[in-house]
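Contents: one structure, followed by commentary.
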Protein chains: 2
Amino acid sequence: MNNLISIKSATLSEDIAQQLTNAIVTGHIPQGSKISEPELAKQYGVSRGPLREAIVKLEGLGLVTRTANVGARVIQLNIQDMLDTFTMREALEGMAARLAATTMSGEEVKSLYQLIDKHQAHLDANQDDHYVQQGGNDDFHLRIIHASRNTKLIRLLTEELYAVIRMYRRHTADQRSDPRQALREHRAILDAIANHEGDLAELLMRRHISRASHLLKQAMEHVSVASPS
Amino acid sequence: MNNLISIKSATLSEDIAQQLTNAIVTGHIPQGSKISEPELAKQYGVSRGPLREAIVKLEGLGLVTRTANVGARVIQLNIQDMLDTFTMREALEGMAARLAATTMSGEEVKSLYQLIDKHQAHLDANQDDHYVQQGGNDDFHLRIIHASRNTKLIRLLTEELYAVIRMYRRHTADQRSDPRQALREHRAILDAIANHEGDLAELLMRRHISRASHLLKQAMEHVSVASPS
DNA sequence: AAACGCATTATTGTCGACAATCTTACTTGA
DNA sequence: TCAAGTAAGATTGTCGACAATAATGCGTTT
């Protein structure tokens, strides 16, 4: 039915995996709903073969759970899982910040300061804005992660965990976060990295993420489920 | 050909994934070798369908890399990847130890002390032994990980990363490690946990893993590839 | 003799159909 | 009326075959 967005990829299976991921993260396929292979195959206009491969991939990403002879279900977001996930993020991104403190070049640091300044300017311009957590190269966290130079860490954080984290952000609408406070924390982390203070960078990154998780928790306690798209 | 070990599972795909994982970790399928779908399907006596699903799973575990229209290859162990992986372990198991310091019950702590004593006794009995890193419930690290009560962390460490780590241990034969030193470190970590000193437990666990990674690095620099089984 | 191009071959990607299992609805009995 | 058993339907798991892409080998050309 919605075969509109077709990101041509080398293989059908990858396409489907990509589209399914988006559909789940944005809520077009609601939480806890069953994944019907015949139905989805028809919707996306493919056979069940590639679709199944895509589902297996999504299981690896933790977006769906599968039980033998029964099928796949979209995960159901809940506070405990969110806290668990963010605790992992704390450990991993903390380590990334620590590593970045020794691996980042002067130019990289400079470029990141510019990014922060840009965010600051953007905030000053639109007071009401919600500091949209943009993915891509403009995301502070992604920059730090890549700066760690640790291939495994990068892959885990940006490919395997990213989808679920995006999903939590998306579905709780994340309104509570104070963008100016977040920006201040980003700057403090970057300062520590610029001074090659790995311990401090890790500590600050952990606090930063821990704070975000507390806010998300509050949001999840008060706000119900978010609507699609 | 080697259809001897058949762990009956609910679905063929799981079986194959399990067997393939073992074959790769033990070296029966050598590093860097190509995974031929027709060949393996014939060997295991299944069609290509379930086999492909298994391969997708292995890709998620990081045991093989796949390129479209070309196929899958077993990963090639190298020092840099090992160091990257162990750095992640440091962050994650360090966090697990920190969490365990607050979540472990008195009985659990007691039981772990008993396990350590058992290991000690085993070491005193067989002086020459290499303190075989047993998996299962007798592994100190696994106990700590599970004690963290963090489902996501547990799944990541024991299901996703475990295979690769096992592979590194296996292929470098890990002879260098000083089992008595390792045991002393285990005891120190447990002491910290028993005293509910999360910071210390994390620090000690990190050092412990870091030390192991250094030893593995030396082993990989001096020892060549290990033989199967 | 070496290199380029083309044809052949083999492997991967995809599809539709069959088998096995689970779910659901109905019937039957207490 | 409710419960249990059973049969029908639907869904997942598996298979073999076809299509598309990559790898291989041969012949031609310079």
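Below, read A as the first sequence line, B as the second, and so on, with proteins coming before strands; counting in each chain starts at 1.
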key: With B/Glu14 via side chain to side chain donor-acceptor pair (under 3.5 Å) - residues at least two apart   = B/Ser9

key: Listed partners of A/Asp81 passing side chain to side chain donor-acceptor pair (under 3.5 Å), at least two apart   = none

request  = Check the pair A/Arg143, A/Ser111 against side-chain hydrogen bond (donor to acceptor under 3.5 Å, both in side chains), reporting the backbone distance first and the verdict last.
outcome  = CA-CA 10 Å; A/Arg143 290 274 199 107; A/Ser111 158; 3.2 Å; yes

task = Please report, rounded to the nearest Å, how far the P atom of C/dT23 is from the CZ atom of A/Arg73.
result = 10 Å

request  = Round to a whole Å and report the spacing from CD of B/Glu14 to C1' of D/dT14.
outcome  = 14 Å

Restricting both atoms to N or O, compile the protein contacts to nucleotides 11-13 of chain D shorter than 3.5 Å, with distance only.
{"residue": "D/dT12", "atom": "OP1", "partner": "A/Lys34", "partner atom": "NZ", "Å": "2.9"}
{"residue": "D/dT12", "atom": "OP1", "partner": "A/Ile35", "partner atom": "O", "Å": "3.3"}
{"residue": "D/dT12", "atom": "OP2", "partner": "A/Glu37", "partner atom": "N", "Å": "3.4"}
{"residue": "D/dG13", "atom": "OP1", "partner": "A/Asn69", "partner atom": "N", "Å": "3.2"}
{"residue": "D/dG13", "atom": "OP2", "partner": "A/Arg52", "partner atom": "NH1", "Å": "2.5"}
{"residue": "D/dG13", "atom": "OP2", "partner": "A/Arg52", "partner atom": "NH2", "Å": "3.0"}
{"residue": "D/dG13", "atom": "N7", "partner": "A/Arg48", "partner atom": "NH2", "Å": "2.7"}
{"residue": "D/dG13", "atom": "O6", "partner": "A/Arg48", "partner atom": "NH1", "Å": "3.1"}

message = Parallel, tilted or perpendicular: which one describes the rings of A/His186 and A/His208, with boundaries at 30° and 60°?
response =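 Because their plane-to-plane angle is over 60°, the rings of A/His186 and A/His208 count as perpendicular.
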
message = Any salt bridge linking A/Glu202 with B/Arg206? Criterion: basic side-chain nitrogen under 4.0 Å from a carboxylate oxygen.
response = yes

